[in-house]
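Below is one structure, written out as structure tokens, with a few remarks after it.
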Protein chains: 2
Amino acid sequence: MDYQKISKMGLFSGITPEETGKILQCLNAKEKTYRKGDCLCRAGDLVEHAGLLLTGALEIRQNDLWGNQNILSQVEVGELFLEAYACIPKTPSMVDVWALSDCAVLYLDTGHMIQSCPTACSFHTKLIQNLLGALAEKNLQLTKKIVHTSFKTIRERVLSYLSFEAVRQKKRKFLIPFSRQQMADYLSVERSALSKELGKMQRDGLIRYQKNMFEIL
Amino acid sequence: MDYQKISKMGLFSGITPEETGKILQCLNAKEKTYRKGDCLCRAGDLVEHAGLLLTGALEIRQNDLWGNQNILSQVEVGELFLEAYACIPKTPSMVDVWALSDCAVLYLDTGHMIQSCPTACSFHTKLIQNLLGALAEKNLQLTKKIVHTSFKTIRERVLSYLSFEAVRQKKRKFLIPFSRQQMADYLSVERSALSKELGKMQRDGLIRYQKNMFEIL
DNA sequence: TTCTTTTCGTGGTTATAACAACATACTTTT
DNA sequence: AAAAGTATGTTGTTATAACCACGAAAAGAA
């Protein structure tokens, strides 16, 4: 395992590569690889470990009984996933996790992360701070999606999403990480209806776009 | 301050009243009271402290620019609120917090909670575990709301919500904590449209209800 | 109690999104 | 480069929810 690289990830920020190595042993960390299109977790599964994405990309989805996709979030390298379920033992997952590309995942035992040796290993404190920050961050991500999708019209949802994205990237012209279908799933609207509305918005002079490059006017 | 009572709340579970008292001093805890209808926090405010609700009830809302209410969650006695923002300094709130009744709140400095004396005070470890659990729990709450509102029709949203509630309360006949308006806000639909759909669903033999008592058939 | 205010259900109208079907453009594979 | 597959935009139709207005019922205050 590449401690050097792993110690650069958010969860280990402020922790040296050597300490990271020790922690990973202590947490019983196990690496696992997947192929593009693999399913890492299905709704209903019991989650025992938090995942840390080492390479590739994942998508957190929720499917209803009629097959509608609902994208909750995307996971990029260095981010945690399923950490909330791992922190609350015996709670079945509400979501699916899918590999968007080939990827490698490190599974961590959050129980150990919290309970063990707070006196012995001083860096445990830093680790817990980081975990706490990650959970809080995820919280805001979810809230953000709720804010977008609570609007009633597609136009409002799009504007809400694009405004946030523009602020986050600090540009009026920016790329979004979604295809049309993904953007529609994220905003909980129908793809072709989204295309239609985007076209209207461009004609109305609100936005300009090509593919996944958007500009707010 | 009533340490006896406070130590019974989730955040202090596993911590004695005496230890709770010490922790509260250490965290620079301050109690504040509000009247029904007061606003505790507005979107855009910088949040420095997590709130612990001692008495009364709160509502976490998000309002769009056109005045639509969007209920993110309700806070009951013993629960934390704004804890995610408190854990990530300098992030402005996306939400409003309103008092549904007269209430008392204890404000806690989460920074101290994490950074200080992990060796000196062994109960700090337990406290952090509890905070972590609370954040994870809130995460699942938000995910649940997303699951409900990602459905496209009112009927599906209602069924999703009622099914979850039935499972949670382990009864087929149960009370919900919402008025019609609140239920509509939570599911992001229009009140009268919700009333209409509920009526249809009863006629179709799916559910039975009176006021906020519901039964799944 | 009576009066006031709020909540809830109903009907009708209109705006809007879902859905289906198809054409075009863009990717990927062979 | 050709072919297959995928993504995107367009159109028209239909279902559905938002919106508005109103009356009844319930809750709260005087």
Side-chain angles (χ1 to χ4, degrees), chain A residues 35-37 59 63-71 98 100-102 148-161 175-204 206-214, chain B residues 35-37 59 63-71 98 100-102 148-161 175-204 206-214:
Chain A
R35 317 235 85 209
K36 174 175 179 173
E59 198 163 79
N63 296 303
D64 66 34
L65 297 168
W66 294 267
N68 294 311
Q69 301 274 350
N70 178 26
I71 296 185
W98 294 87
L100 293 178
S101 63
D102 290 357
H148 302 325
T149 54
S150 70
F151 286 95
K152 301 209 163 57
T153 64
I154 294 182
R155 176 170 297 207
E156 288 167 330
R157 292 188 192 192
V158 169
L159 284 176
S160 175
Y161 169 63
L175 292 173
I176 64 169
F178 290 134
S179 71
R180 282 291 174 283
Q181 181 64 61
Q182 289 175 316
M183 184 178 176
D185 289 343
Y186 179 70
L187 297 177
S188 290
V189 298
E190 206 270 337
R191 183 197 58 78
S192 78
L194 173 62
S195 274
K196 211 184 290 184
E197 189 61 34
L198 285 174
K200 269 194 217 162
M201 291 170 73
Q202 187 156 58
R203 256 171 278 134
D204 292 352
L206 280 168
I207 59 172
R208 188 183 308 286
Y209 66 94
Q210 17 180 268
K211 299 218 193 173
N212 53 343
M213 193 277 293
F214 283 81
Chain B
R35 318 234 84 208
K36 174 175 179 173
E59 198 163 79
N63 297 303
D64 65 37
L65 296 168
W66 295 268
N68 294 312
Q69 301 274 351
N70 177 26
I71 297 185
W98 294 87
L100 293 177
S101 63
D102 290 357
H148 301 325
T149 53
S150 70
F151 286 95
K152 300 206 164 58
T153 65
I154 295 182
R155 177 170 296 208
E156 288 167 329
R157 293 189 191 191
V158 168
L159 284 176
S160 175
Y161 170 63
L175 292 173
I176 65 169
F178 290 135
S179 71
R180 282 292 174 284
Q181 181 64 61
Q182 290 175 314
M183 185 177 176
D185 290 342
Y186 179 70
L187 297 178
S188 288
V189 298
E190 205 270 337
R191 182 197 59 79
S192 77
L194 172 62
S195 274
K196 218 180 286 186
E197 188 61 34
L198 285 174
K200 268 194 218 163
M201 290 170 73
Q202 186 156 60
R203 257 172 276 132
D204 291 352
L206 279 168
I207 59 171
R208 188 184 306 286
Y209 67 93
Q210 18 181 271
K211 301 217 192 172
N212 55 342
M213 194 278 292
F214 284 80

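Throughout, protein chains are lettered first and strands after them, A, B, ... in sequence-line order, and every chain is numbered starting at 1.
Among all heavy-atom pairs drawn from B:Gln182 and B:Pro177, the shortest one is OE1-O, 3.9 Å. A pairwise comparison of heavy atoms in B:Ala184 and B:Arg191 identifies CB-CA, 3.7 Å as the closest pair.
Distance B:Gln210 CD to C:dG9 P: 11 Å, rounded to the nearest Å. Distance, B:Ile154 CD1 to C:dA17 C1': 13 Å, rounded to whole Å. Rounded to a whole Å, the CD atom of B:Glu190 is 16 Å from the C1' atom of C:dA17. Regarding A:Phe178, its CZ atom lies at a distance of 13 Å from the P atom of D:dT8, rounded to whole Å. We find that CD of A:Gln181 is positioned 12 Å from P of C:dC19, with the value rounded to whole Å.
The side chain of A:Lys196 lies closest to C:dA18, out of D:dT8, C:dA18, D:dA18. For B:Ser195, the listed nucleotide lying nearest its side chain is C:dG9; candidates were C:dG9, C:dA18, D:dA18. Checked against D:dC19, C:dA17, C:dC8, the side chain of A:Glu197 finds its nearest nucleotide in C:dA17. For A:Arg180, whose side chain is taken as the heavy atoms from C-beta onward, the closest listed nucleotide among D:dA26, D:dT8, D:dA18 is D:dT8. Nearest to the side-chain atoms of A:Ser192 among the listed nucleotides C:dA20, D:dA17, C:dA18 stands C:dA20. Closest contact between the side chain of B:Lys152 and the listed nucleotides D:dC19, D:dA17, C:dA18 involves C:dA18.
Among the atoms of the strands shown, only primed sugar atoms or phosphate atoms (P, OP1, OP2) are found under 4.0 Å from some heavy atom of A:Ser179.
A salt bridge does not link B:Lys36 with B:Asp102: every distance from a Lys NZ or Arg NE/NH1/NH2 to an Asp or Glu carboxylate oxygen is 4.0 Å or more.
With rounding to the nearest 0.5 Å, the separation of CG in B:Leu198 from CZ in B:Arg180 is 5.5 Å.
Distances shown here put a side-chain N or O of B:Lys211 below 4.0 Å from the OP1 or OP2 atom of D:dA27.
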